[in-house]
2 protein chains.
Amino acid sequence: MKEVAGELEAYFAEAFPAEWDMPPALLESMKYSLDAGGKRLRPLLVVAACESLGGSRKAAIRVAASVEMVHTYSLIHDDLPAMDDDDLRRGKPTNHKVFGEAMAILAGDGLLTHAFYVVATLSKDGLLPAEAAVAIVSDLAEYAGPRGMVGGQVADMEGEQGTTDLERLEYIHLHKTSDLIMFSVLAGGRAAGATPEQLEALRTFGRGIGLAFQIQDDILDLVGDESKLGKKTQSDVKMEKVTYPYFLGIDKSREEVRRLSEEAKSAVANAGLNSAETLLAIADYLVERDR
Amino acid sequence: MKEVAGELEAYFAEAFPAEWDMPPALLESMKYSLDAGGKRLRPLLVVAACESLGGSRKAAIRVAASVEMVHTYSLIHDDLPAMDDDDLRRGKPTNHKVFGEAMAILAGDGLLTHAFYVVATLSKDGLLPAEAAVAIVSDLAEYAGPRGMVGGQVADMEGEQGTTDLERLEYIHLHKTSDLIMFSVLAGGRAAGATPEQLEALRTFGRGIGLAFQIQDDILDLVGDESKLGKKTQSDVKMEKVTYPYFLGIDKSREEVRRLSEEAKSAVANAGLNSAETLLAIADYLVERDR
């Protein structure tokens, strides 16, 4: 995890071409949130999936950077006063608290757009064939867009205790969180030239761990340790959000995390990958994590 | 213009795959702004540039739809309370006035993301080779992103009478407006397999008419007819914005529009296109327009 985070941050330092004439405040605002850290889970998944098939680390880091840009933009917009109205993110003031609301909207827009530049230019830069680059762009737009993460965000906003059922909550979790995780695994596979069968296995793996990750988030928000999480707990209860524990209770939710993780693991264990080791380790880590 | 607008709107009706499970309110909000009309100048430029080289109308309409999605997202975010705080756009209530601020932010994010889907899938759908699709994605991300339209938007926000000079105003106009117009012409060329020399000529044409278009906008805001424009004039004066007439006066600004338009025309007149007729007519229209 540390190795990938280090390479990712090195790439961020050069992600915006030096000769580009951009307003310095915009660059500063985008970098502020990009460099704020976090688990870098999605980048790790891209690299792990790519290397499970013997793909190139260099291409994987670029794809990893693009998914982290998309994840970061979604957090910036999510934190805005009109959305969740959060003042803190990973223990630091949120983007709009530092740069103002207008700049935060534009920094998010800039990161989202630039993510596509980073993937599309993989082909011009000789790191991937045009067919692979364009397939990754298409997936990113699908999983991050209106039927993916943005759709999940809207459904989450609309979700209310009393009117939302467990099926609808699964839709929210799958799209708000799982889609970008699924994309990460899939894109890593595409960057390594996965066969259609291997892509299918990676997709099943991504769906399972993505959903498990979000249910674990629900659980940690209820019973986690604030000092380890670096944020306040009980926020779902306060905001009257629907969660897995709300419907199933803590024990059954924990069971569901384990079941999804096992399901994910068996999908990649039998997919004929060169080495599924790191992917399997990530699936285990996600079940056990306490932050 | 009417023909392209008609085909574009027909494409919008099917732009979001019917089998996609999306929150209906999100689709409604995106469609509300997409269908609100406007001049459809950028789509027309894509089609005109593509057909000047004998390219396919079908591919051109898809690229045209993507640029109009990006243009529409930029208007939705631009109108937000934290930005220009506009209640009306093209005579109709702005997106956030109808759907609320959170949905307007997400509808913008959704349209921007989906624009890349529409271009990237041109290759899977057999309408363009992967190399052409990926080059158009890369251009779109560059011209709409941090060093393009988003950068121009930030510079515009920072621009103030007294501290901004004419050179900085040119930066604002070039990026805030001209970049997406330049992209339209360029992408039409790429969709038709233009040579590097032809792409260069189209780029010069796009830069010229893009800048001329924005200066004409400045002029119309000052001396235009509100009933023809469908919006209040004098807004730049009220907001104390820097404009070309502010620096040069009306007559010199008009002269600059004509000069840029002539320069643009001569770039494509000698580029060995099959037919530059429509492009030349658009350049003339932009100088004469009163709305």
Side-chain angles (χ1 to χ4, degrees), chain A residues 16-17 20-23 25-27 30 70 73-74 77 80-83 96 100-124 129-131 133-135 137-142 144-151 153-155 157-158 171, chain B residues 16-17 20-23 25-27 30 70 73-74 77 80-83 96 100-124 129-131 133-135 137-142 144-151 153-155 157-158 171:
Chain A
F16 299 92
W20 279 12
D21 183 12
M22 283 182 290
L26 172 63
L27 188 59
M30 293 190 296
V70 170
Y73 118 77
S74 78
H77 281 190
L80 286 168
M83 311 272 285
H96 67 272
E101 234 180 293
M103 184 66 89
I105 295 168
L106 290 166
D109 294 345
L111 284 171
L112 170 58
T113 313
H114 198 60
F116 288 100
Y117 182 83
V118 170
V119 176
T121 47
L122 279 168
S123 127
K124 192 182 70 186
E131 288 74 13
V134 88
V137 167
S138 163
D139 281 350
L140 181 56
E142 184 175 342
R147 75 118 249 180
M149 189 178 67
V150 170
Q153 193 66 33
V154 171
M157 205 166 78
E158 292 173 336
Y171 178 95
Chain B
F16 297 93
W20 280 12
D21 182 13
M22 284 182 288
L26 173 63
L27 189 59
M30 293 191 296
V70 171
Y73 117 77
S74 77
H77 281 190
L80 286 167
M83 310 272 283
H96 66 272
E101 236 180 291
M103 185 67 91
I105 294 169
L106 290 166
D109 293 345
L111 284 170
L112 169 58
T113 312
H114 198 61
F116 288 101
Y117 182 84
V118 169
V119 175
T121 46
L122 278 168
S123 125
K124 193 183 67 185
E131 289 74 14
V134 88
V137 167
S138 163
D139 280 351
L140 181 56
E142 183 175 343
R147 74 120 250 179
M149 189 178 67
V150 170
Q153 192 67 31
V154 170
M157 205 167 78
E158 292 172 337
Y171 178 94

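Fair warning: this is a prediction, and the values are worked out from it, not measured in the lab. Lettering of chains follows the sequences in order, A, B, ..., and the numbering in each one begins at 1.
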Can you list the residues that meet the side-chain hydrogen bond (donor to acceptor under 3.5 Å, both in side chains) rule with T121(B), with sequence neighbours excluded? R62(B)
So what's closer than 4.5 Å to chain A heavy atoms on M157(B): side chain, backbone, both or neither? side chain
Could you go through the side chain to side chain contact (heavy atoms under 4.5 Å, CB included) check for H96(B) and M103(B) one step at a time? CA-CA 7 Å; H96(B) 66 272; M103(B) 185 67 91; over 6 Å; no
Give the member of L27(A), V70(A), L26(A) that has the highest number of heavy-atom pairs under 4.5 Å with chain B. L26(A)
Side chain, backbone, both or neither: which part of M30(B) has a heavy atom under 4.5 Å from chain A? side chain
Look at D109(A), V137(A), V150(A) and state which one has the largest set of heavy-atom pairs under 4.5 Å with chain B. D109(A)
Counting heavy-atom pairs under 4.5 angstrom with chain A, the leader among A102(B), G151(B), A130(B), P146(B) is P146(B)
Determine whether K124(A) and V134(B) make a side-chain contact, defined as any pair of heavy atoms from C-beta on separated by less than 4.5 Å. no
For the side chain of H114(A) and the backbone of A141(B), is there at least one donor-acceptor N/O pair under 3.5 Å apart? no
Decide side chain to side chain contact (heavy atoms under 4.5 Å, CB included) for Q153(A) and S74(A); before the verdict, give the C-alpha distance in whole Å, the side-chain angles of both, and the deciding distance to 0.1 Å. CA-CA 9 Å; Q153(A) 193 66 33; S74(A) 78; 5.8 Å; no
Under 4.5 Å to a heavy atom of chain A? For L112(B) that would be side chain
Using a cut-off of under 4.5 Å for heavy-atom pairs, which of E101(A), R147(A), E158(A), M22(A) has the most such pairs with chain B? R147(A)
Within-4.5 Å side-chain heavy-atom neighbours: F116(B) and L140(A): no
Heavy-atom contact with chain B under 4.5 Å, split by part of L80(A): side chain
